[in-house]
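Following: one structure in structure tokens, then a few remarks.
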Number of protein chains: 2
Amino acid sequence: MNAGAKAPTLHDVARAAGVSLATASRSLNGSERKVNEEYRVRVLAAAAELGYTPNLSAQAVAKGTTMTVALLVGDIADPYFSSIAAGVIRASEEAGLIVTMAATERDATRELDLVKALRGQRPRVLILAGSRFAGEETQPALAAELDAFESTGGRVVFISQPELPFDTVLLDNYGGARQLARALVDLGYRRFAAISGSESLLTARDRLTGFMDGLAEHALSIPTEHIVHTEFTRDGGYDAATELLQRGIDEVELVFAVNDVMAVGAMSALREGGRIPGETIALAGYDDIPTVRDVTPALTTVRIPLEDVGRQAVELALAPKSDRETATPIAATVVLRGSTPVLATTAVTD
Amino acid sequence: MNAGAKAPTLHDVARAAGVSLATASRSLNGSERKVNEEYRVRVLAAAAELGYTPNLSAQAVAKGTTMTVALLVGDIADPYFSSIAAGVIRASEEAGLIVTMAATERDATRELDLVKALRGQRPRVLILAGSRFAGEETQPALAAELDAFESTGGRVVFISQPELPFDTVLLDNYGGARQLARALVDLGYRRFAAISGSESLLTARDRLTGFMDGLAEHALSIPTEHIVHTEFTRDGGYDAATELLQRGIDEVELVFAVNDVMAVGAMSALREGGRIPGETIALAGYDDIPTVRDVTPALTTVRIPLEDVGRQAVELALAPKSDRETATPIAATVVLRGSTPVLATTAVTD
DNA sequence: GCTAACAGGGAAAGCGTCTTCCGCACCGGC
DNA sequence: GCCGGTGCGGAAGACGCTTTCCCTGTTAGC
């Protein structure tokens with residue numbers, strides 16, 4: 001292979017097939033115009049022979065539009081995001097679109113920079129799955145950037161938070177957590193602790209609020225000293241549980257972590273601290289990531305069909321704009337598992 | 001926002017700044033040529049004012065090269081791949097490159113199609129992390145496609161398998177498994193079962209062979225009926241363990257699954273089948289994905305620094321070609337955890 | 001004071017593709 | 001037999017950007 005060679009161009013194909021550039025172009029992409037079958041075959045043969053692949057960048061320039069979907073996630077190694085990404089990728093491929101991904105590392109400034117950079121690709125769709133924070137000072141700049149993007153024909157879809165006026169795949173974080181609280185009270189739990197993310201992280205906030213409101217329906221609450229705010233990661237959960245143990249949670253019956261990744265970390269910490277999950281302490285999470293079926297005991301959580309969320313983001317983006325208002329939140333369903341056994345001992349107080 | 005608007009072009013910026021296209025171009029991308037500071041400032045201001053973002057496709061066409069890394073994985077929701085992807089994305093971003101991803105769904109035909117499609121992007125680098133199979137009939141076509149890609153200046157990097165003559169980030173699957181076997185024998189284990197992937201899946205094969213060879217050093221082996229081949233997924237592991245239980249593995253002391261995802265599935269199945277992992281049956285996996293620290297008992301496994309693997313793939317691709325031969329395999333290290341306690345009972349037989 | 005060298009702005013020629021427009025050939029209708 | 005269509009190939013002009021090349025204005029050297 002002569003390394004200096006250039007990729008064959010449409011021009012080369014046309015020449016090899018003995019037709020004009022226009023005819024070659026028309027034969028190779030399903031254009032409106034018909035092309036003489038004999039020519040078409042000749043062009044296809046020449047293309048195959050030369051190993052021609054259309055230059056997508058050139059096509060994009062010529063057509064003024066691309067076939068790419070840009071996806072922004074917080075951290076691709078986090079199962080929450082990777083499940084969503086899997087959905088986005090599948091749905092995009094079905095629609096003949098290519099996905100480009102970037103990770104914000106949960107940093108709003110980085111997110112803004114990445115949006116700027118990704119805009120340069122002129123993607124058809126920009127999906128923002130990274131977490132939103134309350135009171136970000138980058139918010140106006142982000143909104144401006146996204147506005148500009150939409151005004152030039154792009155489509156923006158957020159996942160989870162309807163903070164900005166763009167299409168959003170709504171996750172019912174508040175409602176799901178509230179249902180979970182009710183279900184846990186029904187099981188007999190009365191004394192809770194909670195592990196949440198940063199206070200400004202909207203997803204964490206909504207879930208915690210929903211949970212507290214669910215408890216409030218039964219005149220229950222979580223004392224402030226039993227709520228720990230921490231990193232939205234496995235290690236954050238581990239640290240938070242350790243902290244709780246130090247603060248003293250002897251009488252606490254159940255720890256609610258606002259996402260599964262944290263819950264799993266907390267589970268390890270609690271066990272190491274002598275509180276056996278599912279026996280001497282109950283534990284619940286949120287998201288229903290795949291692994292929580294396989295921890296011991298299996299984790300009670302709120303199921304979000306994450307891959308569907310990714311799919312729907314793509315579908316929403318590809319649908320005509322008018323559907324915007326009709327978006328219904330993705331249903332969240334409580335899944336009770338071994339980590340929250342029926343609490344018989346306190347049933348009498350009910 | 002007038003939705004019909006077009007994104008501002010360099011032309012618009014130049015006009016707004018009252019300079020020529022060439023000057024605008026030179027001001028906005030760090031070109032060799034110097035540009036009068038006054039002009040430069042004016043151009044930058046105009047660009048900011050208009051919200052200009054260079055059209056990457058157009059740049060690619062003009063320059064004849066892109067800033068894209070294409071990454072092909074088996075399944076992005078699998079923690080093995082998503083960890084690698086995280087490394088690829090981080091390293092790429094540090095190098096100013098954008099990552100596009102596609103999922104092969106572990107299908108060789110699909111992989112070939114995707115390579116063809118991704119080639120159209122003219123990426124600088126193409127990373128193939130999907131699993132290789134022995135005797136794929138698509139192999140020659142894939143090789144041809146990749147050859148063509150490299151001959152036009154692209155760089156191909158494989159992860160894990162040195163099946164084809166391209167740069168490869170080598171994982172020492174054989175050696176790691178062999179070490180694991182030795183370590184387990186040292187702990188006192190003598191009777192094994194194994195859960196592997198498809199017989200043609202090279203990674204699975206290497207690991208199983210390494211493990212068996214490690215046992216063979218101590219004149220041990222695994223009877224054929226204690227080896228199950230299954231899907232390379234969590235559910236595959238679960239099903240395989242169920243199958244083993246049915247076949248009867250009462251006297252088996254340890255089950256080796258060739259990857260962690262399968263091991264975790266197997267763990268659940270074994271527990272449900274009455275064999276308590278870490279107590280009445282031991283279990284070991286491979287990869288050291290994040291979650292295996294948090295299952296109970298924590299899983300013994302072979303650690304691969306997955307994110308580093310992703311990073312190295314990018315670095316290898318960006319390094320001059322001459323380094324090709326010097327590639328050393330990524331070290332695999334055995335990590336003993338609670339799922340394989342010391343087997344005191346059989347220590348006497350040693 | 002004159003020339004040589006250099007800096008740096010701008011015009012214009014690409015890059016690979018699509019698409020409009022032109023024109024030719026062939027067809028059917030009257 | 002003539003005329004208006006229609007079908008389809010090809011030339012050429014975009015698309016947005018980079019980069020070469022030209023040319024003018026400045027500076028340095030003698």
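Values reported hereafter were calculated over all heavy atoms of this structure, with side chains retained and with hydrogens, waters and symmetry mates removed. In what follows, chains carry the letters A, B, and so on, assigned in the order in which the sequence lines appear, proteins first and then strands, with residues in each chain numbered from 1. Remember, it's a predicted structure, so these values are computed and weren't measured experimentally.
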> Which whole-number value in Å describes the distance from A:H11 NE2 to C:dC18 P?
Replying inline: 15 Å
> Rounding to a whole Å, what distance do you find between A:K63:NZ and D:dG13:P?
Replying inline: 22 Å
> Can you tell which of C:dG10, C:dT17, D:dG10 lies closest to the side chain of A:A58?
Replying inline: C:dT17
> Which nucleotide, C:dG10, C:dC21, C:dT17, lies nearest any side-chain atom of B:A22?
Replying inline: C:dG10
> Among the nucleotides D:dG9, C:dG9, C:dC18, which one has an atom lying closest to any side-chain atom of B:V35?
Replying inline: C:dG9
> Using a cut-off of less than 4.0 Å, is there contact between a side-chain N or O of B:T9 and OP1 or OP2 of D:dC17?
Replying inline: yes
> Less than 3.5 Å between a donor and an acceptor, one on the side chain of B:R122 and one on the base of C:dG16, is that the case here?
Replying inline: no
> Of the nucleotides D:dA11, D:dC17, C:dT17, which has the atom closest to the A:L10 side chain?
Replying inline: C:dT17
>> Without decimals, in angstroms, what is the distance between A:K34 NZ and D:dT6 P?
In response: 14 Å
>> Using OP1 and OP2 only, check whether a side-chain N or O of A:N29 sits under 4.0 Å from C:dC18.
In response: yes
>> Pair A:Q121, B:S57 - check side-chain hydrogen bond (donor to acceptor under 3.5 Å, both in side chains), show working.
In response: CA-CA 6 Å; A:Q121 297 212 51; B:S57 296; over 6 Å; no
>> What is the separation between atom CG on A:L56 and atom P on D:dC15, rounded to the nearest whole Å?
In response: 20 Å
>> Looking at C:dT17, I'd like to know if its phosphate oxygens (OP1 or OP2) sit under 4.0 Å from a side-chain N or O belonging to A:Y52.
In response: yes
> Which whole-number value in Å describes the distance from A:L21 CG to C:dT19 C1'?
Replying inline: 11 Å
> Under 3.5 Å, is there a donor-acceptor pair between the A:T65 and A:R124 side chains?
Replying inline: yes
> Toward the 5' end of DNA chain D, which comes first, B:A62 or B:R33, by nearest nucleotide?
Replying inline: B:A62
>> Please check: side-chain N/O of B:T104 versus main-chain N/O of B:G130, any donor-acceptor pairing under 3.5 Å?
In response: no
> Can a salt bridge be assigned to the pair B:E37 and B:R40 using a cut-off of 4.0 Å between side-chain N and carboxylate O?
Replying inline: yes
> Are OP1 or OP2 of D:dC17 and a side-chain N or O of B:Q59 less than 4.0 angstrom apart?
Replying inline: no
> Taking all atoms of both residues into account, what is the closest heavy-atom pair of A:A313 and A:I127, and its distance?
Replying inline: CB-CD1, 3.9 Å
> For C:dT17, does OP1 or OP2 lie under 4.0 Å from any side-chain N or O of A:S25?
Replying inline: no
>> Below the 4.0 Å mark, does D:dG16 have OP1 or OP2 next to a side-chain nitrogen or oxygen of B:K6?
In response: yes
> Quick one: is B:T23 getting a side-chain N or O under 4.0 Å of the C:dG10 phosphate, OP1 or OP2?
Replying inline: yes
> Rounded to whole angstrom units, what separation is found between the CZ atom of B:R15 and the P atom of D:dG16?
Replying inline: 12 Å
> Nearest of D:dT20, C:dT17, D:dC17 to any side-chain atom of A:N55?
Replying inline: C:dT17
